[in-house]
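Each remark here refers to the structure printed beneath this line.
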Amino acid sequence: MTEGRVNVFKLHFLVLILVALTEFIGTKKINIGIGVIALFPMLYALVLGGVISWPSFKFLKEKDMNVAANILGVSFLLFVCKLGANIGPELPKLWGAGVSLLVQEVGHIVGTIILGLPVALLLGLKRESIGATYSLDREPNLAIIVDKFGASSPEARGALGVYICGTLFGAIFMSLLASILGSSGLFHPISLAMGAAVGSGSMMAAATGSLAVIFPEAQQDIAFYSGAANLMMSIIGTYVCIFVSLPLTQRLYAWLEPIIGRKNASAETEGGQRSA
């Protein structure tokens, strides 16, 4: 048996153990006064997976993590196929909510660019802020940045940084946010389901899992509308990023950076060398 095959069986075994353990724990609710936070098996699995893959523990090697990354791509492919299969029978509902789904793209632009770019510049980021704030930086968005600027560019570093943060903390954040907003009674469960679609399958699943616990009577509609919005975000959002978000972020960066951008140590050093 080859080493590569051993690594694959090891990962499958670990996944089986994590799934069995987290499903045994089940869904838990915590009342925090302003709402109920729903903790569900996927959240436990994410945290436990992060713990056992911590480099200091040396439980998983870098080779194992590379194999896991390849398996993850196949898993998400199956996940998207399942979303598409769920959407097909409900297309009449989708036409009725089409305008709402399209308007959702405006919210993504406002949140990531209009709010995110000034904050990134105030924190001292330079061209990294373009890649970090032009989108939510999931897989298609990373591909756009790498293709346009190169894998070792500042823009790519910014995009990759946000992608890693989203992978590590995004699902936890979305789960808690959906629980708090859902328990507040201020929003309709369908609007929250559509808002859970941010172009990331894991984040969407985390948010919809919490919403399904809070609104069990709307569980089927939550799965449908979140899946439809996420699929539209992945398809239409890619073109919006290429033709709208990225050019807009570049123009805003050129305008805002001289006004609110902070000089970092590398910029000062570079400036000193040029003046010398």
Side-chain angles (χ1 to χ4, degrees), residues 69 76 98-174 177 194-204 207 229-276:
F76 273 122
V99 175
S100 301
L101 294 176
L102 289 174
V103 171
Q104 184 171 318
E105 290 295 333
V106 177
H108 293 152
I109 292 174
V110 171
T112 57
I113 302 175
I114 306 301
L115 298 179
L117 183 60
V119 172
L121 291 173
L122 289 172
L123 290 174
L125 294 179
K126 295 300 180 183
R127 295 195 64 83
E128 292 87 352
S129 61
I130 296 176
T133 62
Y134 94 102
S135 72
L136 288 167
D137 287 316
R138 306 326 298 160
E139 289 82 358
N141 310 122
L142 278 177
I144 293 169
I145 285 291
V146 171
D147 182 66
K148 185 172 179 61
F149 298 102
S152 57
S153 63
E155 291 84 355
R157 288 198 298 270
L160 185 60
V162 173
Y163 176 81
I164 292 173
C165 288
T167 301
L168 292 176
F169 308 112
I172 298 175
F173 174 79
M174 289 294 290
L177 181 64
M194 292 168 60
V198 293
S200 167
S202 59
M203 292 185 194
M204 186 201 71
N230 202 62
L231 195 60
M232 186 168 287
M233 169 68 180
S234 299
I235 298 172
I236 298 178
T238 299
Y239 295 99
V240 170
C241 286
I242 294 173
F243 298 110
V244 179
S245 300
L246 185 54
L248 177 61
T249 307
Q250 290 179 281
R251 287 182 177 274
L252 285 177
Y253 173 82
W255 175 53
L256 291 175
E257 199 280 331
I259 301 173
I260 63 175
R262 289 174 51 188
K263 289 185 177 180
N264 53 36
S266 60
E268 291 177 358
T269 302
E270 185 181 352
Q273 290 174 348
R274 287 179 179 176
S275 62

**Atom of L256, atom of P118 and distance for their closest heavy-atom approach** = CD1-CG, 4.2 Å
**Asked** So, for I113 and T249, which heavy atoms are closest and what is the spacing to 0.1 Å?
**Response** CD1-OG1, 3.4 Å
**Request:** Could you tell me which non-hydrogen atom of F149 sits nearest to which non-hydrogen atom of R127, and how far apart they are?
**Result:** CE2-NH2, 4.2 Å
**Asked** Is the closest side-chain heavy-atom distance between K126 and E155 below 4.5 Å?
**Response** no
**Message:** Do V240 and S245 have side chains that approach each other closer than 4.5 Å (heavy atoms only, starting at C-beta)?
**Reply:** yes
**Asked** Given Y134, which of L246, L117, L248 fulfils the side-chain contact (heavy atoms from CB on, under 4.5 Å) condition?
**Response** L246
**Asked** OH/Y253 to CG/L125 distance, rounded to the nearest 0.5 angstrom?
**Response** 9.5 Å
**Asked** Is the closest side-chain heavy-atom distance between T133 and V162 below 4.5 Å?
**Response** no
**Request:** Locate the shortest heavy-atom distance separating L121 from S129; write the atom from each residue and the value.
**Result:** CD2-OG, 3.8 Å
**Request:** Determine the minimum heavy-atom distance between M194 and A229, stating which atoms define it.
**Result:** O-CB, 3.9 Å
**Asked** What are the two closest non-hydrogen atoms of P247 and C241, and how far apart are they?
**Response** CD-O, 4.0 Å
